Amino acid sequence: MSHSPAPKRSDPKPHALRRWLPLVVILSGAVIGAVFLRDYLSFDTLRDNREALIAYRAAHPLLMPAVFITAYVLIVAFSLPGALVASLTGGFLFGVFPGVAYNVVAATLGSLAIFLAVRIGLGEGLKARIDASDGRVRQLSEGIRANEISVLLIMRLVPVVPFFIANLIPAVLGVATWRFVWTTGLGIIPAGLVYTWIGAGLGEVFARGEAPDLGIIFEPYILGPLLGLAALALLPVVIKRFQRA
């Protein structure tokens with residue numbers, strides 16, 4: 001009596017490797033970059049190489065924006081300690097505009113890379129665990145999802161939320177990719193404009209042998225409007241609460 005061969009069981013390992021690979025690449029790049037590139041992604045590096053950067057921009061006016069955006073995307077994607085310096089460089093090399101456009105596009109693409117890596121590697125599993133849990137974690141998760149757009153915008157508008165955390169939370173909670181992208185791009189414009197503006201004035205700062213005042217974003221005349229925008233983003237949440245009362 002012949003027996004039909006038993007169906008082969010699919011090996012889950014290749015699928016698991018594909019799922020974790022983007023996150024492993026991001027984390028490995030972050031560690032390597034933090035160890036070997038920290039001293040190079042600094043204001044001093046920008047100051048010491050400003051003439052070479054200007055000369056390269058003059059010689060390659062079309063290539064330079066592409067090189068800059070690519071470098072900025074990699075800095076953000078691997079969470080390297082140089083995003084602020086990159087924003088200043090965008091303003092220094094390209095002026096307030098199109099510098100702010102280059103900065104916002106690059107930062108958004110880099111954030112998208114982290115978002116997708118975390119979502120593919122951890123997102124579904126953590127989301128399922130949060131949904132199955134009880135207590136404050138689940139309540140917080142449900143509260144964020146109920147006011148998703150407002151929360152996403154506030155995390156970007158208020159400069160006290162670490163950039164990596166603002167990329168991690170939406171990935172874990174299962175935020176739609178298109179919603180993450182447009183809230184990120186829109187939400188980082190105000191702070192991005194401030195730092196690009198500072199970068200555009202670096203020529204005079206270098207000439208005086210000084211360092212830029214990067215804490216300016218916490219000055220009342222800058223922080224006030226940012227908090228005002230955050231309050232506007234929070235307004236739908238407040239209205240919804242009053243309607244439920």
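As the structure is a prediction and not an experimental result, all values here were calculated from the model. These numbers come from the heavy atoms of this one structure, side chains and all, not from hydrogens, waters or symmetry mates.
Within the model, atoms CZ of Phe180 and CG of Leu152 stand 8.0 Å from one another, a figure rounded to the nearest 0.5 Å. Between the CG atom of Leu157 and the CD1 atom of Ile188 there is a distance of 10.5 Å, given to the nearest 0.5 Å. Note that the CZ atom of Phe78 and the CG atom of Leu74 stand 6.0 Å from one another [nearest 0.5 Å]. Interatomic distance, Leu80 CG to Ile32 CD1, rounded to the nearest 0.5 Å: 10.0 Å.
Contact of the Leu63 side chain with the Tyr56 side chain is registered, since non-hydrogen atoms from C-beta on lie closer than 4.5 Å. Contact of the Val31 side chain with the Leu27 side chain is not registered, since no non-hydrogen atoms from C-beta on lie closer than 4.5 Å. Side-chain contact between Ile149 and Trp182: present, with at least one pair of heavy atoms (C-beta onward) separated by less than 4.5 Å. Contact of the Thr89 side chain with the Leu46 side chain is registered, since non-hydrogen atoms from C-beta on lie closer than 4.5 Å.
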query: Going through the checks in order, is the side chain to side chain contact (heavy atoms under 4.5 Å, CB included) test met by Ile114 and Leu168?
result: CA-CA 7 Å; Ile114 299 177; Leu168 177 64; 6.0 Å; no

message: Using side chain to side chain contact (heavy atoms under 4.5 Å, CB included), reason through Val172 and Arg119 one step at a time and then give a plain yes or no.
response: CA-CA 6 Å; Val172 171; Arg119 185 168 184 176; over 6 Å; no

message: Determine whether Leu202 and Phe43 satisfy the following criterion, side chain to side chain contact (heavy atoms under 4.5 Å, CB included), listing intermediate values before the conclusion.
response: CA-CA 11 Å; Leu202 280 182; Phe43 175 76; 4.0 Å; yes

- request: May I have the step-by-step check of side chain to side chain contact (heavy atoms under 4.5 Å, CB included) for Leu53 and Met64, ending in yes or no?
  value: CA-CA 9 Å; Leu53 290 172; Met64 187 60 172; 4.1 Å; yes

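Counting only residues at least two apart or in different chains, side-chain hydrogen bond (donor to acceptor under 3.5 Å, both in side chains) contacts with residues 100-112 comprise Asn103-Thr196, Ser111-Asn167. The stretch residues 61-82 participates, sequence neighbours left out, in these side-chain hydrogen bond (donor to acceptor under 3.5 Å, both in side chains) pairs: Tyr72-Ser87.
Under the 3.5 Å distance criterion, with hydrogens and angles disregarded, no donor-acceptor pair is assigned to the side chains of Arg156 and Thr183.
Every residue meeting the salt bridge (charged side-chain N to carboxylate O under 4.0 Å, His left out) condition with Arg179, not counting sequence neighbours, appears here in chain and number order: Glu148.
Each of Thr45, Asp44, Asn49 was evaluated against Arg47; a single residue qualifies, Asp44, per the side-chain contact (heavy atoms from CB on, under 4.5 Å) test.
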